[in-house]
Colleague: 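Have a look at this one before I ask anything.
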Amino acid sequence: YYEAVKVEWQQDHDAQMKSVAHWYRGQCENEFENMKRKAVRESRENLKKMSNSELLTYLENLIAEA
């Protein structure tokens, strides 16, 4: 009887953990996407604030890094 209860409990537990892991992964992926969007938005805002000479220097640095 003990073994039957244990096996049933373990199966239920494993199914719940799988469900939680799936949910948690989705939460992490959503958070990562939100962070990427925020970084892009901030980068665009920073570029809009730059003067032409600052933009030119920024582009020259990007080219030098490539």
Side-chain angles (χ1 to χ4, degrees):
Y1 175 79
Y2 172 79
E3 284 299 318
V5 171
K6 179 183 164 190
V7 168
E8 183 180 343
W9 178 88
Q10 189 66 51
Q11 289 173 343
D12 289 344
H13 178 73
D14 291 348
Q16 289 176 353
M17 291 298 106
K18 186 175 182 178
S19 175
V20 168
H22 179 72
W23 172 84
Y24 187 70
R25 180 178 181 182
Q27 294 296 311
C28 290
E29 288 173 352
N30 288 340
E31 183 64 27
F32 182 69
E33 287 299 318
N34 290 339
M35 289 172 56
K36 287 191 324 187
R37 285 187 198 111
K38 182 179 178 184
V40 168
R41 186 172 46 251
E42 289 173 353
S43 178
R44 287 179 180 166
E45 289 172 3
N46 290 338
L47 288 172
K48 288 178 183 179
K49 293 176 184 176
M50 288 182 175
S51 67
N52 286 342
S53 61
E54 290 172 324
L55 285 169
L56 186 57
T57 303
Y58 178 73
L59 289 173
E60 287 171 347
N61 290 337
L62 286 176
I63 290 169
E65 291 176 7

Colleague: Under a 3.5 Å threshold, yes or no: a donor from one side chain and an acceptor from the other, between Glu42 and Asn46?
Modeller: no
Colleague: In Å, rounded to the nearest 0.5 Å, how long is the span from CD of Glu8 to NZ of Lys6?
Modeller: 14.0 Å
Colleague: If you measure from the Lys or Arg side-chain nitrogens to the Asp or Glu carboxylate oxygens, is any gap between Lys48 and Glu45 under 4.0 Å?
Modeller: no
Colleague: Measure across Glu54 and Lys49 and return the closest heavy-atom pair with its distance rounded to 0.1 Å.
Modeller: OE1-O, 4.3 Å
Colleague: How long is the straight-line distance from CD1 of Ile63 back to OH of Tyr58, given to the nearest 0.5 Å?
Modeller: 11.5 Å
Colleague: For Met35, I'd like to know if atom CE has over 12 heavy atoms of other residues, nucleotides or ligands within 6.0 Å.
Modeller: no
Colleague: Sort out for me which residue in Lys36, Arg37, Lys38, Glu31 forms a side chain to side chain donor-acceptor pair (under 3.5 Å) with Asn34.
Modeller: Arg37
Colleague: For Gln27, is the CD atom crowded, meaning more than 12 foreign heavy atoms sit under 6.0 Å from it?
Modeller: yes
Colleague: More than 12 heavy atoms of other residues, nucleotides or ligands under 6.0 Å from CG of Asn52: yes or no?
Modeller: no
Colleague: Could you grab the distance from atom CD of Glu65 to atom CG of Asn61, nearest 0.5 Å is fine?
Modeller: 6.5 Å
Colleague: Any side-chain heavy atom of Val40 within less than 4.5 Å of one from Arg44?
Modeller: yes
Colleague: Is Leu59 linked to Leu47 within one hydrophobic cluster, defined over Ile, Leu, Val, Met, Phe, Trp and Tyr using a side-chain heavy-atom separation of less than 4.5 Å?
Modeller: yes
Colleague: Measuring from Met17:CE to Gln10:CD, what's the distance to the nearest 0.5 Å?
Modeller: 10.5 Å
Colleague: Are the side chain of Thr57 and the backbone of Ser53 linked by a donor-acceptor contact shorter than 3.5 Å?
Modeller: yes
